Number of protein chains: 2
Amino acid sequence: MSQTVDRALSILPLLAEGPANLEQVASRLGVHKSTALRLLRTLHEHGIVYRQQDQRYRLGARLFALAQEAVENLDVREIAHPHLAELNEKCGHTVHLAVYEENEVLYIDKVESRYPVRMYSRIGKPVAITVAAVAKLLLADLPEPERRAVAERLDYPMYTSRSTPNAAAFLKELATVREQGWATDLGGHEESINCIGAPIRGADGRAVAACSVSAPNVVVTADELLTLLPLLRRTAGAISAEYSGTAHTPEKPHPSQKEDRS
Amino acid sequence: MSQTVDRALSILPLLAEGPANLEQVASRLGVHKSTALRLLRTLHEHGIVYRQQDQRYRLGARLFALAQEAVENLDVREIAHPHLAELNEKCGHTVHLAVYEENEVLYIDKVESRYPVRMYSRIGKPVAITVAAVAKLLLADLPEPERRAVAERLDYPMYTSRSTPNAAAFLKELATVREQGWATDLGGHEESINCIGAPIRGADGRAVAACSVSAPNVVVTADELLTLLPLLRRTAGAISAEYSGTAHTPEKPHPSQKEDRS
DNA sequence: AGTTGTGTTGCATTACGTGCAACAGCCATT
DNA sequence: AATGGCTGTTGCACGTAATGCAACACAACT
């Protein structure tokens, strides 16, 4: 909408990839050097970008501080964390927390597996939206027209032979997920990694986040992983209860909580 | 420098304080509603701000994603190297850079001593984790439960009579290191070699790496080595500042600013 | 009904961002 | 030293694109 701001903001993902000098920024933006310079200067004044000694630009401290505040405002994370840690404690696998925002699903928290073989993922990284269990859960919860609209405009990369191939299949999968209240990703993203997920719901019943347990099948088979489903769903239920304030005073958590059927 | 971008960026700290609606943003920026709307829309398109269901704006999770990606692509080693070279230039001794990873501390860079007597070490090699100054610094920075857990499961080989003998002694040492912000290894690994270290901290204050100066006492005594501490700590501070991108122009007062050119 | 309080849109006016071209450093070559 | 290439910086004239205004839309109130 605003060309100048649009250009300035387009610099950020570019610099997130790594340091770049003025000319690189200018050419990737498709603008004249002097224009890029002024944009960078403005970003610099706000501390969003930083200039290192070799004169190249990078994202700066202010952006990190803002990001920190942004994630702190997502208070699901704070509430969920101890539950996720406890879940990890019990099962030993990698646990993720994700939210949906603006056509993307992002990991916002992670507790690492205790096993030596770990899956690669990164907090803040957009997930493979067409296959990840957490993505299915969050999209399944969107109102029907929006869900359809999103599904239609997505790409369906075939990460593996078991990846979701197209919008129709995806919508069908979302219906199933919506029905059963949990989701899986069995080798849909990486051949050897399986994943199960459950939704975290706010007071109004909408899914505000989703959590998942992931494990490579050299550690546990898909079937074994599925036996953790009740535990996972109890955890998600406990987080939901605490988040929506329907459970107890935040002072003394009450671990036992019945899972609810939808 | 660029008014439009300047205004757009001024919205971010404002939203960091908490969600705000259009009018609040407009008035605090000192611009017309329609102007604020366009700026917010542009920020929104880039996922920097998010619009919650009550129509108020808040910082978006995308910011977090950007920051996360940036730190992942940040190379401590690249940033630190010139500083380490300069440090070596000034004191002449061997300088090391190390990081903590998966229960190990690894050397990732080294600038050789200019003296003929050198200590043996190799980039990529795990350090003696119970005695090395860099290891103490990195472990001292772990959250308490993990620090304890790691300390408990380590072996405590007696390389010399001054090696750390057991977990209790190690934890005590870590507390001291944490307190004072620097660490030493006085003949704990090799009888005749002393070492001092300082932490390198990222934007969030966590130690991302540590650097050290090592010298055999045939070249300098332990006391003489300790006189280099201020220099070492300044170096570590400079690397931290550059790594975390801390350098932007301090003053950014109120929305009603005239353009000031210099 | 009206009334306030929002967010949104179209449009004229001109401020402001733009690209250009010339300049200034800084390093390698010669 | 002098040269040439490379990159960042500055001043300026031009015209795009951002601005504020006023009218509109759509709630949620009274």
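Nothing here was measured: the structure is a model prediction, and the numbers come from that model.
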Would you jot down, in residue-number order, the residues of residues 32-40 of chain B having a non-hydrogen atom under 4.0 Å from DNA chain D?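 The stretch gives B/H32, B/S34, B/T35, B/R38 as the residues lying under 4.0 Å from the strand, ordered by number.
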
In whole angstrom, give the distance that lies between atom [atom1] of [X] and atom [atom2] of [N].
{"X": "B/M1", "N": "C/dT18", "atom1": "CE", "atom2": "P", "answer": "14 Å"}
{"X": "B/N21", "N": "C/dT8", "atom1": "CG", "atom2": "C1'", "answer": "14 Å"}
{"X": "B/L29", "N": "D/dT19", "atom1": "CG", "atom2": "P", "answer": "10 Å"}
{"X": "A/D6", "N": "D/dA18", "atom1": "CG", "atom2": "C1'", "answer": "14 Å"}
{"X": "A/Q3", "N": "D/dA18", "atom1": "CD", "atom2": "P", "answer": "6 Å"}
{"X": "A/R41", "N": "C/dG17", "atom1": "CZ", "atom2": "P", "answer": "14 Å"}

The side chain of B/Q55 lies closest to which of these nucleotides: D/dT10, C/dG7, C/dT18?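 Minimum distance to the B/Q55 side chain belongs to C/dG7.
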
Mind checking if A/R56 touches a base, just sugar-phosphate, or nothing, with heavy atoms under 4.0 Å?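 Nothing, no nucleic acid heavy atom in range.
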
At under 4.0 Å, does any side-chain N or O of A/T4 touch on OP1 or OP2 of C/dC16?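 No, A/T4 has no side-chain N/O under 4.0 Å of OP1/OP2 on C/dC16.
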
Quick one about A/H96 and A/D109 (side-chain donor to acceptor, distance below 3.5 Å, no hydrogens or angles considered), yes or no?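 The answer is no; no qualifying pair exists.
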
Under the side-chain hydrogen bond (donor to acceptor under 3.5 Å, both in side chains) test, residues paired with B/Y50 that sit two or more places apart: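 Testing B/Y50 for side-chain hydrogen bond (donor to acceptor under 3.5 Å, both in side chains), a comparison that skips the adjacent residues, returns none.
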
Count the heavy atoms of every other residue, nucleotide or ligand shown that sit under 6.0 Å from CD of B/E101, and state whether that count exceeds 12.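 Result for CD/B/E101: open.
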
